[in-house]
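Heavy atoms only: backbone and side chains are in, while hydrogens, waters and symmetry mates are out. Letters A, B, ... mirror the listed sequences (proteins, then strands); counts begin at 1.
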Amino acid sequence: MLHTLAVLVENHPGVLMRVVGLFARRAYNIDSLSVCQTENPGISRMTIVVSGDDQIIEQVSKQLYKLVVVHKVTDLTNETIVDRELALVRVKVNAETRMEVLQTVNVFRGRVVDMGRSNVTVEITGDGEKIDAFVRSMRPYGLLELVRTGTIAILRSDN
Amino acid sequence: MNGAEILLEALEQEEVEDIFGYPGAVLLALLDALLRSKIRHILVRHEQGAIHAADGYARVSSKTGVCLATSGPGATNLVTGIANAYMDSIPVVILTGQVSTDLLGTDSFQEADITGITIPITKHSYIVKDARELPRIVKEAFFIARTGRPGPVLIDLPKDILNQIVTKAASSKMTLKSYKVFGKGNIGQIEEFAKSIAKSTRPVIYAGGGIVTAGATKPLRALVEKCNIPVVTTLMGLGCIPSDHPNFLGMAGMHGTVSANYALDDCDLLIALGVRFDDRVTSGLGHKFATKAKIVHIDIDPAEIGKVVRANIPIVGDVHMVLEELVSRLTLPKVSEWWEQIHAWQRDFPLRYEQDGRLSPQIILGCIAEIARDDAIIVTDVGQHQMWVAQCYPITYPRQLVTSGGLGTMGFGLPAAVGAQIAKPGKNVVLITGDGSIQMTIQELATIAQHRLPVKIVLMNNGVLGLVRQWQKMFYEERFSEIQLHANPDFVKVAEAYGIKGMRVTTAQEVKPCLTEAMNHPGPVLIDFVISPDEVVLPMVVPGNAITDMLGR
Ligand SMILES: Cc1ncc(C[n+]2csc(CCOP(=O)(O)OP(=O)(O)O)c2C)c(N)n1
């Protein structure tokens, strides 16, 4: 099962290595990982998406907590959250397909951010499934390059 | 002042008296400053010796051990010892020299990324980037090493930082924002714990190194004696209850006693105190462990709870504080039938040794127990000799036994004995080692000789890697492979070459007079006991089988 963990850590060199090392030791492949500083510049937030059974994820969370550089670990998996991912997708186009591609981009509420003679680059945000669906629909035209940020997530406010 | 002097001052603030170490180029400023410091530096002969000595020092004294090594090979030579301390939760602060900050990451001479290498085996680590941070870092390092679940903390010291001239006094205020130490347990859970004792008819206490670390022997004994509960311990827990205590069933697990393992298997309440359900106890079968029991698990490390077995009553906290809370709430369980059962097991399956007049390990250990002072510190290496000590040496108080539990590090013994004797100069320190183990760190005989440490070295010399040979004998149809130590030196001569008194014993009759002479000798002695390679450690749980399935019952 996929788990989404939000981990608040100190914003220091070497912190990332300590955190991902714990996953590597148990041979858990991290599906996605995104890190950046938070509203407090001394603290970074990592959003880690990892698959594993509940007990093991609980174990890894506890181990994470033991790191002196880790402030808080929250398993967002069973919470109501807003999760988003950003992708930049470069697709091959020609005179024939250009309109079709742009229409599809519109349907997915993507934005064209760069255009070349034979390709367009699209920015798209959404949850992972939406991005997957968009990428699938672009494949037939010729996917030239795909960059995804990995999921970031935030708890919905109570009210 | 330079960084080195600030460092030493900060160490003095932490009441450090002894450092075990080995020099190197990047440490020159520190070595120079040591000449003007109150702190004593014990020169070892290999950095592995320094870390094991600091570890042994910490185990017997409950202070934080400190060791020092130079950059690159000096630092990497520490790795085994750091892992050893980490596995047994021993507080040590490791100081490593490092290349100058401007050279970091350039593969400069004697550079190794020691903080990177040791991430999985340290509780925390620092690379110092400014000498003014040293007072804070040192304070934090010691605080982290000794509090909560203790462990090794490494401070990497670039050469330019040790040489940095600092004029403004630096603050030693700690800035640990998220580091949390658990103390008192949850009262509701402790009440549940008390109730479960009252309701149980077949309780057993499974006590480990956590009891020793927490200094919880007193409330443990109160619980044991008030409720008349049987106790088994782990290897690391030996000494948390005297071995001659009527409630003590012995060590549990692979080479434990039959009654200890049967009690674990048959109990209806398992009280797990400062233990981690290691596979040497559970046989790697957490799901089949104590299946009839309700499990209470108390540990200061939340990550231990639920790691191997599901606890019905988990309590995160300092086991000393939790037991003190518990003891005032006890209702006595009815355990007389349970004791009848246990006594029957003890009667039917005692630890037995063939006694035919040969020079057996048990005769040697029995004689040491008789002749050494009752409070003698017993240090072991790793192998059969270690298990014989665990099974039959009378360990009567916590921190009396110094042994490598979690990592099982051959070569730990000799340097750990150095550390133990430095920490406790007034005590008898007896090292029990094997001919394989001692040769992994035998150079530390020089450290013993140089500091005139009166360690008594009992070498159980069977000419083989005994424990491995035993497995080949029992599980590989005696196809012995790579266990013969054919070119062993004459250990008596080796000792003598270092200026240490050497003696040899080949018969049971010589044991007592020889040990008496050795104990009365004011300096170090090595006694080479020539024993048979065919001695085995029994009983034994067949690896992978249930803990009740013991050979040699
Ligand atoms: C550093 C290290 N290498 C290998 C082992 C595997 N090992 C465990 S016990 C043992 C044999 C120990 O021989 P010795 O010290 O002579 O003790 P004995 O078993 O003969 O009493 C070996 C090789 C180990 N525990 N540690």
Side-chain angles (χ1 to χ4, degrees), chain A residues 1 3 5-30 33 35-48 50 52-75 77-78, chain B residues 83 86 89 101 104-105 113-129 133 137 140-145 147-156 174-182 276-277 286-287 297 299-311 314 316:
Chain A
M1 165 171 180
H3 285 255
L5 302 178
V7 186
L8 292 176
V9 298
E10 246 150 72
N11 187 4
H12 282 167
V15 169
L16 184 61
M17 206 151 103
R18 289 178 200 272
V19 170
V20 296
L22 282 179
F23 290 89
R25 176 139 186 244
R26 285 223 157 183
Y28 286 114
N29 196 21
I30 292 177
L33 168 69
V35 199
C36 205
Q37 119 190 357
T38 60
E39 69 282 0
N40 174 350
I43 305 275
S44 293
R45 176 160 165 146
M46 302 179 145
T47 309
I48 304 173
V50 61
D53 70 44
D54 292 2
Q55 203 199 329
I56 308 265
I57 298 297
E58 190 191 326
Q59 176 61 28
V60 175
S61 310
K62 284 176 172 176
Q63 296 287 0
L64 283 173
Y65 250 122
K66 280 170 65 176
L67 298 177
V68 173
V69 294
V70 170
H71 288 232
K72 197 166 166 36
V73 183
T74 320
D75 188 346
T77 313
N78 298 316
Chain B
Y86 186 75
S89 309
T101 45
L104 276 175
D113 175 9
I114 194 63
T115 50
I117 290 170
T118 57
I119 281 179
I121 52 171
T122 47
K123 192 169 167 187
H124 195 50
S125 56
Y126 295 89
I127 307 180
V128 187
K129 294 284 174 68
E133 293 187 335
I137 289 177
E140 287 182 5
F142 277 80
F143 183 71
I144 293 169
T147 53
R149 178 177 182 171
V153 178
L154 187 143
I155 307 177
D156 205 17
M174 296 200 288
T175 58
L176 295 169
K177 289 185 216 90
S178 63
Y179 179 71
K180 183 164 182 220
V181 175
F182 293 88
R276 52 190 180 82
F277 294 84
H287 58 291
H297 190 183
D299 205 287
I300 199 159
D301 179 358
E304 283 305 332
I305 292 181
K307 186 181 82 176
V308 179
V309 300
R310 275 257 165 244
V316 176

Item to complete: Would you check if the side chain of A:Thr38 reaches a backbone N or O of A:Ile43 as a donor-acceptor pair within less than 3.5 Å?
Response: yes
Practice prompt. Name the region of B:Ile127, side chain, backbone, both or neither, that has any atom closer than 4.5 Å to a heavy atom of chain A.
Written response: neither
Worksheet item: Can you name the ring pair (Phe, Tyr, Trp, His ring centres under 6.0 Å) partners of B:Tyr126, sequence neighbours left out?
Response: B:His124
Worksheet item: Does B:Phe143 have any ring pair (Phe, Tyr, Trp, His ring centres under 6.0 Å) partners at least two apart in sequence or in another chain, and if so, which?
Response: B:Tyr179
Worksheet item: If only atom types and distance count, is the side chain of A:Asn11 paired as donor or acceptor with the main-chain N or O of A:Pro41 below 3.5 Å?
Response: yes
Worksheet item: Which bit of B:Thr115 is near chain A, if near means a heavy-atom gap under 4.5 Å: side chain, backbone, both or neither?
Response: neither
Discussion item. Between B:Lys123 and chain A, with a heavy-atom cut-off of 4.5 Å, which part of the residue counts as in contact: side chain, backbone, both or neither?
Written reply: backbone
Worksheet item: Is a donor on one side and an acceptor on the other found under 3.5 Å between the side chain of B:Ser178 and the backbone of A:Val70?
Response: yes
Discussion item. Going by the rule ring pair (Phe, Tyr, Trp, His ring centres under 6.0 Å), which residues pair with B:Phe142 if we only count those two or more places apart in sequence or in a different chain?
Written reply: none
Worksheet item: Which residues, numbered in order, of residues 59-68 of chain A come under 4.5 angstrom of chain B by heavy-atom distance?
Response: A:Gln59, A:Lys62, A:Gln63, A:Lys66, A:Val68
Worksheet item: Do the side chains of B:Glu140 and B:Val153 get nearer than 4.5 Å, heavy atoms only?
Response: no
